[in-house]
Amino acid sequence: MKKDAIGDSLSRVDGRLKVTGGAKYSGEFKITGLTYGVLVPATITNGTIASIDTKVAERAPGVIKVITYLNAAKVPGYQPNESKPASKGLKLFNDNKIYFNQQPIALVIADTFERATYAASLVTATYQKEPFKTNFQKNIDNSVVPQGGNYKDYIRGEADAYKNAPVKIEQAYLLPSEMHNPMELHVTTAFWNADGKLTVFTKSQGVISSQKALANAFKIEQSTVQINSRFVGGAFGSSLRTWPHEIAAAQAAKMINRPVRLTLTREQMFTLVGYRPQTIQKMGIGATPDGQLIGITHESHSQSAVYEEFTERSVNVSRFLYASPNANTRYKVVPLHVGVPAPMRGPGEATGAFALECALDELAYALNMDPIALRLKNYADADPEKNLPWSSKYLRECYQKGADKIGWEKRSSKPGTNREGDWLVGYGIGCGAFGAYRNKAQAYIKLLADGSVNIKSATSDIGPGTGTSMVLIAADILGIPAEKITFDLGDSSLPEAPTQGGSATVSSVGSAVHDVCLALKKKLNTLTGKPENNEDLDYVKILKQQNLPFIELTQGSEGTDEAKKYSMYSFSAHFVEVHVHALTGAWRIKKVVAVVDAGKIVNNKTASSQMIGGAVGGIGMAMTEEAIIDDRFGRLVNGNFADYHVPVNADIPQIEAIFINKPDMHINPLGTKGIGEISLIGVAPAIANAVYNATGKRIRELPITPDKLI
Amino acid sequence: MNQFQYVRPAETSGAIKSVALDANAHFLAGGTNLVDLMKMGIVTPERLVDINNLPLKKIENIQGHLRIGALVTNTQVAENKFVKENFPLLSMAINAGASPQLRNMATTGGNLLQRTRCPYFFDTTMPCNKRVPGSGCGALEGYNRMHAIFGASDKCIAVNPSDMNVALTALNAFVHVSGPKAARTIPFADFHRLPGDHPEQDTTLQKNELITSIDIPTAPFSKNVHYLKVRDRSSYAFALVSAAVALHIENNTIKDVRLAMGGVAHKPWRLTATETFLKGKTVSEDTFKQAAQIAMEGAKAYEHNKFKLKLAPNTLIQALKTASGLTV
Amino acid sequence: MSSKKPCTPPDSDGVPNKTRRDFLKKSSFLTAAAFVPVTVVNAAVNQWDEKLASVFEKTSLHLEVNGVPLNLSVEPRTTLLDLLREQLNLTGTKKGCDRGQCGACTVHADGLRINSCLSLAVTNEGKKITTIEGLSKGQELHPMQEAFIKHDGFQCGYCTPGQIMSAVALIKEGHAGSEMEIREFMSGNICRCGAYPNIVNAIQEVKKGGLS
């Protein structure tokens, strides 16, 4: 009675709520006695607050409280004690230290948004200024090797072997800082009940992790914190962690004993909720004249914050994506007086793929070889880093399908020679890989007398359509129509699930749903005295016969030790056709083909959308996005949606998403590998390579704005 | 945003009287710029005089002029049949700016008064002579990628952000204003100022004066026109450089020509010398290249906008090519 | 640690209660233009009656939202967006930037799409406002809403109400003639999830079906 629902194209189960305005996001719940919190940003970049004047603000109409480090109730989790020194990280209103410009120095709470916003403008401060560093490139020499074993230098074979290769490329690639900029502003609404229970509506990718973080901050039992985050208006990594301002909202609610809603402004989103860090990557890559790789060296310097270290895996891709006998990587971070970065979709893997895939393209031209042929020549049939077989890898098929769909044969091997009127035409390829992960998760299932099913798990949906996929998985296993199944998420009181990140939600939570459905069938078979694996179940009939109004159970699920035997990755090949105007440098992305080996695809419709979305993110990374700091002041000069350009509709062509769709049964029982990150990884280099093919201009500093193309 | 008095007079004279009552009063029309400036704390009026009820909403033909009321929205102008047929350059320029939502709100008069997008002007913690005279120019030695290459001063290198203004300059428009004193008419070229020592003054509009309408004289520019805007993304972005080209071509000869550029100066930048050069010339790419060279005389770049020295002439050449039909 | 007593009388520690007093003083200039009696103004200036003052700070506003006539009293600085979301509990209209830079707040005012974040509520006197909540007829979705679901024209859903309001207006404006034109005239609505191609497909279907 298996239904084969997996692989269907199901419209989103919460689609109706989203198109009618009925979906309630964290800042949209009507709460009695609600107050509005607005943060006041510092105007210096490093130093201490000498004095802070809140009197005028406190007198402004409607103001309930102005919180600064002088009067804030201490957050217990921030305080060091004998057994525990002070933790790293920003602690709002805990002391007078300023680590970056626009760090909040006060929180103004008033009875309306307008009054709170205005009163916030009345808070003034004087500072003891200290010298600061915000210029990334000028401070490369201050870089440090991150703490922790994962970031040590990696050497396979001989270090810097590329230097002795007959044909070699030695170049540096610069990626500026990019902001996640989800459309929904980060917002947290918090209130304390009389019994000491804390309820928080917040923009979270992981309600359990938020619950733990707030419980730790206030030193209360985890079960006394309730997190609600059913609808999340995008996040892309910016809500993977609990930010200091979320704790501040709860702190404020406690101080005034009223609900507080703290909403960041779009401008504040540029400093307080992370970003993809500015990174400079030096690539050395060498090959024999016929294109056999001899060595790859990948050295990365990445921006971090003085008050907290941020790291990501930007160099790792060069260790395993191609079969080079020699490979070595180095990774360092540059601590600056800036807000701390956060993983942004495709995180370090996307950063690393930009450098590696551009360098490989440069090598292909140096060898006078087709970029696909070069990749095929150095195809890694097993993981050269871990010395393990792949759990599955169909990258070869990705090359083939992508080349067919984009019309690779139209590509001129000589850059700048393919012209349509005043427009230069180019084609490019960029590839990537992202680990296929699976974490522990639990799911609860309830079968009702009418044959309907409700499943719950404390997972999130920041946009991929988690609930829709889970319903399809359950429909598939239970053999009932999707319409009979509901799925609840985004609530910390539900069975524990991991944070939505690392492309692992379907693998983790989907497996739990898979397992809980199987457990339900088993239980029903046991009740009716049938063999465990009997598939012939009439749910309504069984409950009626057993005289049960419902039947429920919770099941945990986790991976096996297969991960030790295999190297597990999703793979992608992105193909791009770009047109660049010869005179003005204006560009048009004409076509994108995204081919991905991500194992089995659960919901074709939402998965395609996710692939398209990742490609759009990659177009922004390649062509438009760059956060710029004026280093004289340490302040952003384009920290808003008008001057920081995310792609608009007119920038985006039709994007074709193609799935290899072959299950990988080593990772999880569904055969999925994950698509959230891989959808973006490799897009930016594909575009940069296409731009070179079109114009003969090799742009190694993103974004590729028109001024760089004239 | 600070609190303010709000009044909504029904007559132009009443609006002017009302705004004159308070040193810190402002007219409010579409609000797309002013409300933003108020949110950012750059303008903090104690009174807003909402002029949306004033009878300044007509587009009419008057004695060889097209008259556009100050409160006609950008969309209404761009979509107006007569404008599209006779002054397509204006429609093109308006549609190259902002977004459909903003164009539905923004008015003709308001667009003329749109403030610069210079980041130092928008950040109240940074120096800016335009916002706080005497505080210095943050852009001069700062992030000046978007800034002027013509007519700047050591006090200010900001640019006028409007697309519509570029077309109106090329079309020799006039601005009608009313005020506490007699009504007057200002040629468009004299309406916006160069920064000089007083970058705080964007225009020659006097205190408490209100734009009531603009006139566009009839001209033979219904066919060979083009507005080309180069920007960092395909839409909904301010210009790196833009060019407004209106040609009157007979037998492949340029009988009349109007040229202006945007994103290059504190005011919409009219290219009169280049126009003189082009008049009577035969349409050719070479001629356009020479014209672009003339257009660039006196250009001066800063650290981050050197690309404009090449992008500006290239944009002009391409706009001329498109307008003349050399390329489609 | 200094904790402020909430009932401190004004000026007791030498700090003028600048915001309200200065503002209210200005009200004495108002006589030329408005309808507030001078006695009321003076009472407010002298801060004898806070309640009266707060009434004075507000302006009456009559408008129709989704077919419902409303008589409201709002602060002039309140935007249409904040009025809808915070006072009328119509949270379908979204705040994404609050500065006219993203389109999430798009609503129809007298049938025209506008950014409600840059529209002071009081300037909408007498207007008919339609928000996403007013688009469907009861349980029956607007064809554009149906098309967005069918073509998966959204992911996180946050920009979606603005996209749909914009798309409905776009077809009425006559700017949905080609894929290129749709993209250009939908560029005032940013979607960070990157659903643009699906949005364009949804609009094209509604356009072809002659539904709007």
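So that the names make sense, note that chain A is the first sequence line, chain B the second, and so on, each numbered from 1. Remember, it's a predicted structure, so these values are computed and weren't measured experimentally. Below, all heavy atoms of this structure are taken into account, side chains as well, without hydrogens, waters or symmetry copies.
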Novice: What part of C/Glu179 is in contact with chain A, defined as an atom under 4.5 angstrom from a non-hydrogen atom: side chain, backbone, both or neither?
Specialist: side chain
Novice: Is the shortest side-chain N to carboxylate O distance from C/Glu64 to C/Lys127 below 4.0 Å?
Specialist: no
Novice: Are the side chain of A/Arg276 and the backbone N or O of A/Met344 linked by a donor-acceptor pair below 3.5 Å?
Specialist: yes
Novice: Below 4.5 Å from any heavy atom of chain C, which atoms of A/Ile652 appear? Answer side chain, backbone, both or neither.
Specialist: both
Novice: Name the member of C/Glu75, C/Gln87, C/Arg99 that forms the most heavy-atom pairs with chain A at distances under 4.5 Å.
Specialist: C/Arg99
Novice: Given that the side chain runs from C-beta out, which part of C/Lys95 has a heavy atom under 4.5 Å from chain A: side chain, backbone, both or neither?
Specialist: both
Novice: Looking at A/Glu28 and A/Arg230, is there a salt bridge between them, counting it only when a charged N and a carboxylate O are closer than 4.0 Å?
Specialist: no
Novice: May I ask you to name which of A/Arg345, A/Met269, A/Glu625 has the most heavy-atom pairs under 4.5 Å with chain C?
Specialist: A/Glu625
Novice: Of all of A/Asp461, A/Val616, A/Thr265, which one pairs up most often with chain C through heavy atoms under 4.5 Å apart?
Specialist: A/Val616
Novice: So what's closer than 4.5 Å to chain A heavy atoms on C/Asp98: side chain, backbone, both or neither?
Specialist: side chain
Novice: Under 4.5 Å, counting heavy-atom pairs only, tell me which of C/Leu141, C/Leu90, C/Thr160, C/Ile182 racks up the most with chain A.
Specialist: C/Leu141
Novice: Given that the side chain runs from C-beta out, which part of A/Arg261 has a heavy atom under 4.5 Å from chain C: side chain, backbone, both or neither?
Specialist: side chain
Novice: Can the ring centroids of A/Tyr69 and A/Phe93 be said to lie less than 6.0 angstrom from one another?
Specialist: no
Novice: Tell me whether A/Ser609 contacts the main-chain N or O of A/Lys605 through its side chain, where contact means a donor paired with an acceptor under 3.5 Å.
Specialist: yes
Novice: Checking the side chain of A/Lys18 only, and the main-chain atoms of C/Gln155 only, is there a donor and an acceptor separated by less than 3.5 Å?
Specialist: yes
Novice: Could you check which of C/His151, C/Lys94, C/Glu146, C/Glu184 has the highest count of heavy-atom pairs closer than 4.5 Å to chain A?
Specialist: C/Lys94
Novice: Do you know which of C/Pro161, C/Cys193, C/Ser187 has the most heavy-atom pairs with chain A at a distance under 4.5 angstrom?
Specialist: C/Ser187
Novice: Using a strict 4.0 Å threshold on nitrogen-to-oxygen distance, state whether A/Glu184 and C/Arg192 make a salt bridge.
Specialist: no
Novice: Could you check whether C/Glu173 pairs with C/Arg113 (Lys NZ or Arg NE/NH1/NH2 to Asp/Glu carboxylate O, under 4.0 Å)?
Specialist: yes
Novice: Answer with side chain, backbone, both or neither: which region of A/Phe29 has an atom nearer than 4.5 Å to a non-hydrogen atom of chain C?
Specialist: neither
Novice: Please classify the contact between C/Ile164 and chain A as side chain, backbone, both or neither, with a heavy-atom cut-off of under 4.5 Å.
Specialist: side chain
Novice: Given the options A/Phe231, A/Phe236, A/Tyr25, A/Phe113, which has more heavy-atom pairs under 4.5 Å with chain C than any of the others?
Specialist: A/Tyr25
Novice: For chain C, which candidate among A/Asp643, A/Asn640, A/Thr606, A/Ile462 shows the most heavy-atom pairs at distances under 4.5 Å?
Specialist: A/Asn640
Novice: So which of A/Leu185, A/Ile619, A/Ile64 has the largest heavy-atom pair count under 4.5 angstrom toward chain C?
Specialist: A/Leu185
Novice: Pick one of side chain, backbone, both or neither for A/Ala23, based on which atoms fall under 4.5 Å of a heavy atom in chain C.
Specialist: backbone
Novice: Going by side-chain contact (heavy atoms from CB on, under 4.5 Å), C/Val107 matches just one of C/Thr130, C/Leu84, C/Asn115. Which one?
Specialist: C/Leu84
Novice: Using a 3.5 Å distance criterion without hydrogens, assess whether the side chain of A/His574 forms a donor-acceptor pair with backbone atoms of A/Ser679.
Specialist: yes
Novice: If we define contacts as heavy-atom pairs under 4.5 Å, which of A/Ile612, A/Thr263, A/Thr112 has the most with chain C?
Specialist: A/Ile612
Novice: Identify which part of C/Glu133 has an atom lying under 4.5 Å from any heavy atom of chain A, answering side chain, backbone, both or neither.
Specialist: both
Novice: Between chain A and each of C/Gly103, C/Ser136, C/Cys156, C/Gly92, count heavy-atom pairs under 4.5 Å; write down the option with the most.
Specialist: C/Cys156
Novice: Using modelled atom types only, decide if a donor and an acceptor are shared between the side chain of A/Ser26 and the backbone of A/Ser229 within a distance under 3.5 Å.
Specialist: no
Novice: How are the rings of C/Phe148 and C/Phe154 set to each other: parallel, tilted or perpendicular (split at 30° and 60°)?
Specialist: parallel
Novice: Is C/Glu181 close to chain A through its backbone or its side chain, or both, or neither, when contacts mean heavy atoms under 4.5 Å?
Specialist: neither
Novice: Is the ring pair C/His175/C/Phe185 parallel, tilted or perpendicular, if the boundaries are 30 and 60 degrees?
Specialist: parallel
Novice: With respect to chain A, which residue among C/Gln163, C/Gln139, C/Met180 yields the maximal number of heavy-atom pairs within a distance under 4.5 Å?
Specialist: C/Gln139
